[in-house]
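What follows is a set of notes on a single structure, which appears directly below.
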Amino acid sequence: MPPADPIAEAGTAVPVVADVTDVADVTDGACGAGFRSGSSSPGRASGECSASGTSSVPRHEDLLDRVAEWGPVGTPAGGFHLVPVCLERDLPLIGRWMNDPAAAAFWELAGPQEVTRDHLRAQLAGDGRSVPCLGVLDGAPMSYWEIYRADLDPLARHYPARPHDTGIHLLVGGVAHRGRGLGGLLLRAVADLVLAQRPTCTRVIAEPDVRNTPSVAAFLTAGFRFSAEVDLPAKRAALMVRDRSHRLPL
């Protein structure tokens with residue numbers, strides 16, 4: 001189970017980082033899953049990096065119904081797209097986000113870039129039960145997500161899991177995207193997307209730290225319900241559940 005929670009304002013992390021426009025224009029670079037600042041058009045739908053790079057697609061992506069091919073969705077804040085992580089392109093940005101003290105308190109990935117690299121690489125080289133993604137809003141990478149199979153995760157030992165339960169973790173890192181209520185809005189959009197793209201999934205699961213009341217509030221705003229408090233190895237968590245019956249049309 002990834003040790004990650006959305007934190008701080010509206011249930012999301014608030015790292016202080018350089019403006020997101022410092023991310024290189026990589027549409028034609030080493031990683032095919034590119035995006036251009038100011039453009040809502042990602043690169044290859046598969047999300048693959050070049051042969052010389054690290055593949056951003058898990059070996060068995062069918063475990064999550066091909067997240068890389070889900071495509072963009074419209075939200076009240078603009079077009080939003082989950083783009084699977086490409087390690088050599090995205091590591092510097094995600095690493096900076098993880099080193100903000102507010103993020104580090106819950107994600108526990110602060111330190112040298114290698115700490116974040118090892119966390120990402122374990123998912124990218126795994127069996128596809130967890131897919132790390134950048135959240136790209138109107139062409140700007142502004143958040144980090146993990147879409148994972150909660151029923152195949154150690155979390156399933158701590159609650160009555162159902163087949164194909166899908167979990168989400170979120171960190172909002174872009175400075176310009178804080179304080180705008182985007183946490184709940186994007187959580188709703190991604191939960192709707194999961195339920196639309198994974199017909200076998202009946203529930204979306206999250207497990208923020210119970211001390212992280214803004215995070216819990218954001219999940220409630222997004223249509224999740226509080227189910228129970230559960231003791232996990234690293235925290236006491238609020239088990240949040242989004243049922244298929246609450247899904248809104250995309």
Side-chain angles (χ1 to χ4, degrees), residues 4-15 17 19-21 23 27 33-45 47 64-85 90 93-94 97 103 131-148 166-199 201 203-206 208 214-225 240-250:
D5 290 302
I7 62 173
E9 189 276 331
T12 56
V14 290
V17 298
D19 187 88
V20 293
T21 56
V23 180
T27 303
F35 41 77
R36 296 179 186 270
S37 179
S39 168
S40 59
S41 300
R44 299 177 194 167
L64 279 161
D65 297 302
R66 300 179 181 271
V67 174
E69 299 177 7
W70 287 3
V73 296
T75 78
F80 182 75
H81 198 160
L82 288 174
V83 178
V85 163
D90 302 328
L93 178 63
I94 298 172
W97 289 349
V131 178
C133 297
L134 281 185
V136 181
L137 185 64
D138 281 343
M142 47 72 65
S143 54
Y144 171 73
W145 299 75
E146 291 171 354
I147 311 299
Y148 69 98
T166 304
I168 56 177
H169 296 131
L170 165 64
L171 181 154
V172 171
V175 173
H177 298 95
R178 301 202 309 254
R180 295 168 47 188
L182 287 177
L185 187 153
L186 295 181
L187 285 168
R188 181 181 291 277
V190 171
D192 285 347
L193 186 62
V194 169
L195 294 170
Q197 297 293 332
R198 304 205 65 234
C201 171
R203 304 186 303 180
V204 182
I205 305 297
S215 176
V216 174
F219 280 106
L220 292 172
T221 299
F224 286 74
R225 59 181 171 83
M240 309 299 295
V241 179
R242 175 75 181 275
D243 298 295
R244 177 170 288 280
S245 60
H246 292 159
R247 186 177 69 86
L248 300 177
L250 291 177

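Residue numbers start at 1 and run along the sequence shown. Nothing here was measured: the structure is a model prediction, and the numbers come from that model. Hydrogens, waters and symmetry mates are skipped; everything else that's a heavy atom, side chains included, is used.
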inquiry  = If you define the side chain from C-beta out and look only at heavy atoms, does anything of F80 sit under 4.5 Å from L193?
reply    = no

request  = State, yes or no, whether a side-chain contact exists between M142 and L182 at a heavy-atom distance under 4.5 Å.
outcome  = yes

request  = Measure the OG-CG distance between S143 and L187 for me, rounded to the nearest 0.5 Å.
outcome  = 9.5 Å

key: Nearest non-hydrogen partners of P76 and L185, listed with the distance   = CB-CD1, 4.0 Å

ask   = Nearest 0.5 Å, what's the CG-CH2 distance between D90 and W97?
value = 8.5 Å

request  = Indicate yes or no for a side-chain donor-acceptor contact from D138 to the backbone of G79 under 3.5 Å, with no hydrogens or angles considered.
outcome  = yes

query = Nearest heavy-atom pair of L171 and A103: which atoms, and what distance?
reply = CD1-CB, 3.8 Å

inquiry  = Which label fits F224 and F219: parallel for a plane angle under 30°, tilted from 30 to 60°, or perpendicular past 60°?
reply    = perpendicular

ask   = side chain to side chain contact (heavy atoms under 4.5 Å, CB included) with A217: which residues, sequence neighbours excluded?
value = none

inquiry  = Let me confirm one number: the CG-CZ distance from L220 to R225, rounded to the nearest 0.5 Å.
reply    = 11.5 Å

request  = For the residue pair T221 and R188, establish whether any side-chain heavy-atom pair is separated by less than 4.5 Å.
outcome  = no

Closest non-hydrogen atom pair between G184 and A222, with its separation = O-CB, 3.4 Å

request  = Would you name the heavy atoms of G183 and A218 that are closest together and state the gap between them?
outcome  = C-CB, 4.4 Å

Spacing of CZ belonging to R242 relative to CG belonging to L195, to within rounding of 0.5 Å = 6.5 Å

query = Given side chains that start at C-beta, do those of V241 and I205 come closer than 4.5 Å, heavy atoms only?
reply = yes

key: Minimum-distance pair of heavy atoms, taken over all atoms of A189 and T75   = CB-CG2, 3.9 Å

remark   = side chain to side chain contact (heavy atoms under 4.5 Å, CB included) with P132: of V85, L82, V67, I94, only one passes, and it is V85

ask   = Got D65 and Q197 here, is their nearest side-chain heavy-atom distance under 4.5 Å?
value = no

Any side-chain heavy-atom pair of V190 and L170 under 4.5 Å = no

request  = Provide the closest heavy-atom pair for A191 versus V204 in the form atom of the first, atom of the second, distance.
outcome  = O-CG2, 4.0 Å

